[in-house]
Amino acid sequence: MAYSKVILKKGKEEPLLRFHPWIFSGAISRIVGPVNEGDLVEVVSADQIHMGVGHYQIGSITVRMLTFTDGLIDDTFWMSAIKQAYALRKSIYLAESEQNTTYRLIHGEGDHLPGLIIDIYEDTAVIQAHSVGMHYSRTIIAQSIINTVSGIKNVYYKSEVTLPYKANLTSEDGYLIGSGGKGIVKENDLLFHVDWIHGQKTGFFVDQRENRKLLQYYAKDKVMLNLFCYTGGFSVYGLQGGAAKVHSVDSSGRAIELTNENVALNFPVENRHQAFAEDAFKFLDNATTTYDLIILDPPAFAKHKNVLHNALQGYRKLNAKAFEKIAHNGILFTFSCSQIVSKEQFRLAVFSAAAQSGRRVRILHQLTQPADHPINIYHAEGEYLKGLVLYVE
Ligand code: SAH
């Protein structure tokens, strides 16, 4: 194998034998051969046993494994990885479905491709690279999508803000293949505008598909408040479910525009919905309406371990405000998408908020990410979305 060699310290091959895809800098004894950020490297144990091949990167996670066999990382590898991911989405009836034209095709480690995210928006795929190695492989990845996924005409690359800034790459967002794209997708038969060029992340939060559907089921005749609404996903499902009134709130004016556009796209004549460009905490403080159904889906409050404590306080404060305002026998959907906040920690923060409010609270559902965001069983870190549906007396 022509790759430079990363030699592990004695015993540090253990996690790799269990297919954990990350090698931390502390596990490495030495590197033989020249190596630059983004290069493919061969990983061997202290006894020189071949462990696999991965992308090298400067930082605490030094190698992200792509294979645990002695196979090469060539065009065939990429083609086959994309094919496997597509086969999974077909077997869960998301790809080539009538009701859904948007789904996640590649979910990083969950699809054995650490550092890579690909979302499908009808005729357009959006690639997001989180590692330099994936950035270098973007052309073959784009070609593999076109060759594999039926109906894809455009591939947009959006990694300016997700690549490690220290890598000093001159990456520009733009189309790798095609241009334009329809920009309207179907999710559970509801329509949404998706703006991958200006929108947050890849343009739409596909990970809430199933949780939005559950919300729809509980929305009938309810007065509903959707906080941190972004493109208005939960609001549109609430209206579809027969909510009496829906208020959507986001601090971003553009998000409020998108929410209004998406409501109009599905319900051209609609007077049950109102959207507010305001801070969610302030909105709750000043709310005079009593809501039967509240959704809290804030952005990740913690992205690094050292701010975990503040994040948990943030969840507690936000949920406490919601418990204070929600109607008797109301239903609260509350989420955390911070990867470093565990299910138990999040539940504890919500528990503290409930206790502070003095209300009797019961858990109706415990929610997570959908099947197109699979969790590699050897990489528990991949479980990031947590939600609780609570009945508040
Ligand atoms: N629920 C959405 C996704 C939410 S993303 C969906 O289903 O698609 C988080 C959103 O929170 C972003 O749109 C961001 O603009 C908004 N946001 C961040 N801080 C906020 C704050 N303090 N008050 C209100 N909205 C906020």
Side-chain angles (χ1 to χ4, degrees), residues 205 207-252 255-256 259 262-263 272-301 312-338 346-347 349-368 385-393:
F205 286 78
D207 57 358
Q208 289 287 25
R209 181 194 317 109
E210 292 173 5
N211 303 331
R212 290 177 186 137
K213 187 78 190 168
L214 182 68
L215 177 281
Q216 174 181 333
Y217 186 71
Y218 288 137
K220 192 158 172 41
D221 300 330
K222 304 251 166 66
V223 176
M224 175 180 144
L225 174 62
N226 181 13
L227 293 172
F228 309 92
C229 65
Y230 186 34
T231 55
F234 283 103
S235 306
V236 170
Y237 278 73
L239 293 165
Q240 178 78 347
K245 192 192 266 188
V246 177
H247 285 168
S248 304
V249 177
D250 199 289
S251 54
S252 141
I256 292 304
T259 296
N262 284 331
V263 168
R272 292 174 296 159
H273 179 254
Q274 255 183 297
F276 305 86
E278 272 181 50
D279 175 79
F281 290 83
K282 285 204 188 118
F283 189 91
L284 267 179
D285 280 341
N286 302 330
T288 49
T289 307
T290 307
Y291 297 101
D292 308 305
L293 188 53
I294 299 183
I295 299 116
L296 303 175
D297 185 23
F301 281 165
L312 293 174
Q313 291 304 324
Y315 288 120
R316 188 184 54 74
K317 270 193 201 142
L318 179 65
N319 282 274
K321 281 188 200 292
F323 284 130
E324 210 176 284
K325 292 287 170 165
I326 199 166
H328 280 289
N329 300 335
I331 294 182
L332 175 66
F333 278 61
T334 182
F335 295 96
S336 160
C337 60
S338 305
F346 176 59
R347 187 156 151 180
V350 178
F351 158 83
S352 308
Q356 187 181 331
S357 73
R359 313 267 307 251
R360 279 166 61 127
V361 176
R362 282 177 278 172
I363 299 176
L364 305 182
H365 300 270
Q366 303 186 52
L367 307 178
T368 181
L385 185 61
K386 303 151 286 284
L388 293 169
V389 181
L390 303 169
Y391 190 76
V392 187
E393 287 176 42

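The structure displayed is predicted, hence computed values, not measured ones.
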key: All salt bridge (charged side-chain N to carboxylate O under 4.0 Å, His left out) counterparts of R272, not counting sequence neighbours   = E270
remark   = The reported gap from NZ in K317 to CD in Q356 (rounded to nearest 0.5 angstrom) is 10.0 Å
inquiry  = Measuring from atom CZ of F276 to atom NZ of K282, what distance do you get when rounded to the nearest 0.5 angstrom?
reply    = 16.0 Å
task = Test N211 against L385 for side chain to side chain contact (heavy atoms under 4.5 Å, CB included), laying out the working first.
result = CA-CA 11 Å; N211 303 331; L385 185 61; 4.0 Å; yes
key: I256 vs C229, side chain to side chain contact (heavy atoms under 4.5 Å, CB included): CA-CA, chis, key distance, verdict   = CA-CA 8 Å; I256 292 304; C229 65; 3.9 Å; yes
ask   = Angle class for the F228/F301 ring planes (parallel below 30°, perpendicular above 60°, tilted otherwise)?
value = perpendicular
Side chain to side chain donor-acceptor pair (under 3.5 Å) partners of residues 228-241, not counting sequence neighbours, each pair once = E187-Y237, N188-Y237, N226-S235, S235-S248
message = V236 and side chain to side chain contact (heavy atoms under 4.5 Å, CB included): which single residue from V246, T259, V263 fits?
response = V263
request  = Any chance you could measure F351, atom CZ, to R316, atom CZ, to the nearest 0.5 Å?
outcome  = 12.0 Å
task = Taking side-chain hydrogen bond (donor to acceptor under 3.5 Å, both in side chains) as the test, write out the residues that go with Y315, two or more places apart.
result = S336, S338
request  = Report the residues that fulfil side-chain hydrogen bond (donor to acceptor under 3.5 Å, both in side chains) with E278, sequence neighbours left out, ordered by chain and then residue number.
outcome  = none
key: All pairs passing side chain to side chain donor-acceptor pair (under 3.5 Å) where residues 286-296 contributes a residue, at least two apart   = H247-Y291
Ring-ring centroid check F335 F234, cutoff 6.0 Å = yes
Tabulate below the donor-acceptor pairs under 3.5 Å that side-chain atoms of residues 322-333 make, not counting sequence neighbours, or state none.
residue, atom, partner, partner atom, Å
K325, NZ, L284, O, 3.4
K325, NZ, D285, O, 3.4
K325, NZ, A287, O, 3.2

message = Once side-chain contact (heavy atoms from CB on, under 4.5 Å) is applied, do any residues pair with E210, and if so which ones, sequence neighbours excluded?
response = P370
ask   = Under 4.5 Å between any side-chain heavy atoms of V392 and I294, yes or no?
value = no
key: Rounded distance [0.5 Å steps], CZ in F283 versus OG in S251   = 13.0 Å
key: Residues which pass side-chain hydrogen bond (donor to acceptor under 3.5 Å, both in side chains) with N319, listed by chain and number, not counting sequence neighbours   = T334
message = Can you confirm whether more than 12 heavy atoms, excluding those of F281, are under 6.0 Å from its CZ atom?
response = yes
message = Using the side-chain contact (heavy atoms from CB on, under 4.5 Å) criterion, which residues pair with R360? Sequence neighbours excluded.
response = E393
inquiry  = Once side-chain contact (heavy atoms from CB on, under 4.5 Å) is applied, do any residues pair with S252, and if so which ones, sequence neighbours excluded?
reply    = D250, R254, A255
message = When you compare the side chain of L388 with that of Q366, does any pair of heavy atoms fall below 4.5 Å?
response = yes
Give every donor-acceptor pair under 3.5 Å between a side-chain atom in residues 213-223 and any protein atom, sequence neighbours left out.
residue, atom, partner, partner atom, Å
Y218, OH, H365, NE2, 2.7
K222, NZ, Y218, O, 2.7

query = Rounded to the nearest 0.5 Å, how far does CG of L390 lie from CG of L364?
reply = 7.0 Å
remark   = d(L312 CG, S352 OG) to nearest 0.5 Å is 9.0 Å
